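In the text below, chain A, chain B and the rest are named by the order of the sequence lines, each starting its count at 1. Source: prediction; values computed, not measured. The figures here come from the full heavy-atom set of this structure, side chains too, leaving out hydrogens, waters and symmetry mates.
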Amino acid sequence: MTDLTEDRPLLEVEGLRKSYGDRLVLDDVSLTVQPHDVVCLIGSSGSGKSTLLRCLNLLEDVDDGVIRFDGGEIADPRVDPRVVRRRIGMVFQAYNLFPHLTVLDNCALAPRRVHGVPRGEAEQRARDLLETFGLGEHVEKYPDRLSGGQQQRVALVRALCTRPDLLLLDEITAALDPELVGEVLTNVRALAEAGTTMVLATHEMSFARDVATKVCFLHQGRILEEGPPAQIFSDPREDRTRQFLRRVLPA
Amino acid sequence: MTQAWIPSERELDRRDVRRRQRLFSVLVATVTTLTVFGLVGAVVLSSPGWPTVQKTFFDWHHAKESFPSVRDGFWINVKLFLICEPIILVLALAVALARSARSAWLVPVRLVAAFYTDVFRGIPTILLVVLLAFGMPALGLQGVPNSALFWAGVALVLSYGAYVAEVFRSGIDSIHPSQVASAEALALSRSQTLRFVVVPQAVRRVLPPLLNDFVSLQKDTALVAAAGIFDAVFAARDYGNYNFNYTPLVVVACFFIVMTVPLARFTDWLQRRYAERERAGAR
């Protein structure tokens, strides 16, 4: 991991715009993420949370705006996206594990092939992390053998094995049944407490309230309101935010 | 939201960079292509034997002279292909389904199907063509055509049916068990599951290797020349033997290329359409 200076934002987004054809998905989005921040993106489906995350690690070309990562502009077409992605980890809603590789090989693939970590070291690192995440007994299994919650935790470990400076989590509990949500969120919470910088889209409001350092409410492609969780959840300024929270929070 | 959006300076600059990057890759493509083909051409044209080769293989006069008979012979290749291909598809799918049947009643069918693929994939196609085209008419069977052409076609169907059956089977095997589970959960029967869920997906997945076998079959229709049937290759060799010139063979080659290219483009198009429709541009 590179040294991150505390006073400089790790990620700065300014005036980000993204459209698919006529449909405007992100409109003038600005966001600042400091090292050790846990930023939660909330909002109804289709509000642009996933697209924003995909823009951040350059899976999507942006139509306008600036994305600065660790001080450098990364949305520029002259930037090699792979150089950026080496430092950003991402976990998807549908796990997206490689079904033809064992859990261990899933986790060791990028460290070995992209980061040039020797096999023994990469596998040891993966084993240690899997052990920490309570997956020690599944190391040699293939992903389809595991439960959804276990698979998602493996996906989390896979993203962590490259020791990223920033972790992007795209509704990682949305495909899990409630019983399994807990085990994944426990892992994420531990990461947050250990100081991992994260941007996550989530529908788990109580989790966001507990763990986030900043909550952003997205509506129709814009960040309508942002602030510390205490403020957003108990005293939202915007009507839209209030309506949204009324719908998703138990009375 | 509704006010017109004016791209920022930065965005305009990015578009400029992207345009230049695109231009650069077009340039690279053009230069490398010209260089490679230029070099190959130069090597061939400057080789010591080129004048002789040009006279025996690329003679315009002989190309024109042999064209009509090659064209007439080629019609046989086209007919063979057009008739054999649909039969092969049906036969191969039937064999593949028979091999993946699970019912106890169908064990004999499964064994026959396995035996068939083992045997007919093992025999060289040219051997099968010669054996059937010469052997079967000699039996003097009643009720079936006794022409060599008919039996050569049968040989192609049997040989290719075995190959294509394996392609289908690998496609069927590659469909994830969860698909079968969800079809069964809807109370579809085993055969309905295959027909409405598994096979349609399998066929899409094996389209490229299937095309490979189609193209291969188009070319292998030329094997019937070995049984003395007057197809394009036989006509070309016939002409060559009388005129001591091999240009007609090159003409035949051109005929075959012209026939296979449209099929390749058609499959590309079909694949793209499936991808657009079912994956909605996901990556």
Residue by residue, which of residues 8-45 of chain B have a heavy atom closer than 4.5 Å to a heavy atom belonging to chain A?
B:Ser8, B:Arg10, B:Glu11, B:Asp13, B:Arg14, B:Val17, B:Arg18, B:Gln21
Heavy-atom count around B:Phe266 CZ within 6.0 Å, excluding the residue itself: above 12?
no
Just so I understand: if I count every heavy-atom pair under 4.5 Å between each of A:Asp144, A:Asp76, A:Val62, A:Asp63 and chain B, which residue has the most?
A:Asp63
Please list all pairs meeting salt bridge (Lys or Arg N to Asp or Glu O under 4.0 Å) that have one or both residues in residues 91-101 of chain B, counting only residues at least two apart or in different chains.
B:Arg99-B:Glu166
Under 4.5 Å from any heavy atom of chain B, what part of A:Asp28 do you find: side chain, backbone, both or neither?
neither
Less than 4.5 Å apart, side chain to side chain, heavy atoms only: is that true for A:Leu24 and B:Trp5?
no
Exceeds 12 heavy-atom contacts within 6.0 angstrom, atom CZ of A:Arg145
no
Identify the two heavy atoms, one from B:Ile6 and one from A:Asp64, that lie closest to each other, and give their separation to 0.1 Å.
O-OD2, 4.4 Å
